[in-house]
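Worksheet for the structure shown next.
Only a predicted model underlies this, so the values are computations on that prediction, with no experimental measurement involved. Letters A, B, ... are given to chains in the order of the sequence lines, protein chains preceding strands, and every chain is numbered from 1.
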Amino acid sequence: MELKEVIGIRRSIRYYASWRPVEMSKLQKMLEAARLGSFAGNMGLLRAVVIDNTNPSPEVIEAVTGPGSAVHARMAPVLIVWYVDVADRQDWADRLKELIDAGALNPSHGWSYTFAENFASFVVGALKDVALPYDMEAMDAGQAIAQATLVAYEEGLGTCLNNLDREKFKKILKLPETATPLVIQTVGYPAESRDAGGQRPRRPFERLFFLNEFGNPFPRDPAVVEELKGEKMIQEPAPAPWRKKEISALAHLFGLPE
Amino acid sequence: MSEVDIESLRGSRRVGIWLEEAHRQQGSSPEEDERRLAVLARFCAFVDRTPDEMIDDVLDFDAGKMRLKGRRFYAEKIEAFERAQEGDAFAQRAAANLVRSFFIHNGLFLGTPKAPWLP
């Protein structure tokens, strides 16, 4: 499947085939994709604990806090807790030097070993009392998780991101004090149809993106939209005519209210 | 300082850091070092400062701070130095960039203006 189609078919999946295990190789591919994400200065603070949720632990389910999230957290055979560990900020100078050695950061942009050491020392010093991930670290984590998510769909899986109780998960997973759980991702084969009733609604393009200044909408070329439809990135909008019946069937299957 | 002896630069701690890093990234070449040092010597004469003094003018390592006034001074002086060099724009830029390289490998990026030959 091409990248654009994977983006197009991604839905937040809330009904999982709990009876069908997820192959370890597919989970590894998700983690490999996250590892290759873009990390500012190669800091790379994102970590994850993959939980075998074949027999859901009540303690774990109780710590999944998003509205309705506990329902699909019980169904999904795998849960991934993504977290950031700020302890690894300490070796940032070495990470920057790796980028210099790799030819990613170069003197043409002002990078040298000495600059890397000075800069890392300054930033790490400024963040020494900041236990939570700062903006860039959180954004890096989000990008990496997005890559893992797209790989999951390319592998035929479905996922959904959910809120969690940070303190409870730190305790359950025995995470270090320096860790901040960000999100818990349910992972499994969808019990619902692949397109889950169509592409979910989004705010109008023109309200989201601007050219040169706020208020001047970025022009949306209908020809590009058609091209993306052909490449299956833009798909039939939800709800498909049969979606309500599918939900009804799924609710019956899983013994859930309608 | 009207003229600077190249040999005197070799004893500078800051020049040592520069050459060591440059060698690690670009490989060691005695001829290239001669060229580097000759240009740096000209710049030292241009601003009447030693290499170590130039870095100390901008970076306060004890306090962990950068002196913005010093940074601006050297950024402007390098641009003036570039314009004062003989040869075409490429040669002028190449000389100025060697001086910038000296600052970069000592932890200080002064910025590089857009090349005059670019549209």
### Query
Can you find a pair of side-chain heavy atoms, one from A:Leu45 and one from A:Asp85, that are under 4.5 Å apart?
no

### Query
Where along residues 25-40 of chain B does a heavy atom come under 4.5 Å of chain A, listed by residue number?
B:Gln25

### Message
I'd like to know if A:Arg89 and A:Glu137 make a salt bridge, using a cut-off of under 4.0 Å between side-chain N and carboxylate O.
### Response
yes

### Message
Quick check on A:Ser121 against chain B: is it the side chain, the backbone, both or neither that has a heavy atom closer than 4.5 Å?
### Response
neither

### Query
Quick one: does B:Phe81's side chain get under 4.5 Å of B:Val47's, heavy atoms only?
no

### Full working for side-chain hydrogen bond (donor to acceptor under 3.5 Å, both in side chains) between A:Arg10 and A:Gln199
CA-CA 8 Å; A:Arg10 191 210 59 78; A:Gln199 205 158 39; over 6 Å; no

### Task
Measure the CE-CZ distance between B:Met54 and B:Arg49 for me, rounded to the nearest 0.5 Å.
9.0 Å

### Message
Taking the six-membered ring for Trp, are A:Phe119 and A:Trp92 closer than 6.0 Å centroid to centroid?
### Response
yes

### Task
Select one option (side chain, backbone, both, neither) describing which atoms of A:Asn106 are under 4.5 Å from chain B's heavy atoms.
neither

### Query
For A:Phe122, is it the side chain, the backbone, both, or neither that has a heavy atom closer than 4.5 Å to a heavy atom of chain B?
neither

### Query
Between the main-chain N or O of A:Gly37 and the side-chain N or O of A:Gln143, is there a donor-acceptor pair closer than 3.5 Å?
no

### Summary
Most heavy-atom pairs under 4.5 Å with chain A, out of B:Leu59, B:Thr112, B:Asn106, belong to B:Asn106

### Message
Cation-pi check for A:Tyr113 against B:Arg24: NZ or CZ below 6.0 Å from the six-membered ring centre and within 45 degrees of the axis, yes or no?
### Response
yes

